[in-house]
Amino acid sequence: MAYLDLDLKEIEVEYIAPHIVAGTERITLLLTVVRGARGKRKLLGEAFARTIYQPIVHFKVFDETSVESLFSRFLQQLIHRGYRPIQYRERDLDNRLSAWKPCDLSALDDTDLERGEKAGLDIGENFEDF
């Protein structure tokens, strides 16, 4: 396995979630390199979503190749749990934040988001009929 070089310490993602009435929230993916069995190294990303409307949601992703693939897996987890990622920015080891960049969701499966949004609309439509 090649040496893993980590030049970022976190990625902050701005998202919309079904339980948020207006506006957006942010979640920070903390990045570290961990050593496994026999000295094997891999990337670990951990994030916690904390809002007053839901219990704490813990996101944990591992990858052995790159930050890009780890971040893609994290975005997929967000989508699976009903969060719609909008944009992100990175914090480097010198504590500098990059500019916001749009999240590219084109390569990800967003059927969970579509199903959740449709269910939310169906519920709202049913209540309006009464």
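Side-chain atoms are counted along with the backbone in the values below, which use heavy atoms only and exclude waters and symmetry mates. Position 1 is the first residue of the sequence; numbering continues from there.
- For the side chain to side chain donor-acceptor pair (under 3.5 Å) with E12, the lone residue among R91, R89, Q87 that qualifies is R89.
- D104 contributes a side-chain N or O that, together with a main-chain N or O of S106, makes up a donor-acceptor pair within less than 3.5 Å.
- Using cut-offs of 30° and 60° for the angle between ring planes, the H58 and F48 rings count as parallel.
- Between R84 atom CZ and T24 atom OG1 the span is 13.5 Å, to the nearest 0.5 Å.
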Can you check side chain to side chain contact (heavy atoms under 4.5 Å, CB included) on I86 and W100, steps first, answer last?
-> CA-CA 10 Å; I86 301 169; W100 287 103; over 6 Å; no

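- For the atom pair CG of L78 and CD1 of I16, the computed distance is 12.5 Å after rounding to the nearest 0.5 Å.
- In terms of heavy-atom proximity, P85 sits nearest to I79 at CD-CG1, 3.8 Å.
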Side chain to side chain contact (heavy atoms under 4.5 Å, CB included) evaluation trace for F74 with I27 = CA-CA 11 Å; F74 174 63; I27 188 168; 4.1 Å; yes

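- L30 and V61 are members of different hydrophobic clusters when ILVMFWY side chains are connected at heavy-atom separations under 4.5 Å.
- Taking all atoms of both residues into account, the shortest heavy-atom contact from L29 to G45 is CD1-C, 3.5 Å.
- C103 approaches Y88 most closely through the heavy-atom pair SG-CD2, 3.8 Å.
- Side chain of Q76 to backbone of D109: a donor-acceptor contact under 3.5 angstrom is found.
- Residue K60 comes nearest to Q77 through the heavy atom pair O-NE2, 3.3 Å, listed as atom of the first residue, atom of the second, then distance.
- The CG atom of L8 sits 7.0 Å away from atom CG of L93, with the distance rounded to the nearest 0.5 Å.
- Atom CZ of R81 and atom OH of Y15 lie 11.5 Å apart (nearest 0.5 Å).
- Results of the side chain to side chain contact (heavy atoms under 4.5 Å, CB included) test with L31 over L70, L44, L43 single out L70 as the only residue that passes.
- Atom CD of residue E10 and atom OG1 of residue T32 lie 12.0 Å apart, to the nearest 0.5 angstrom.
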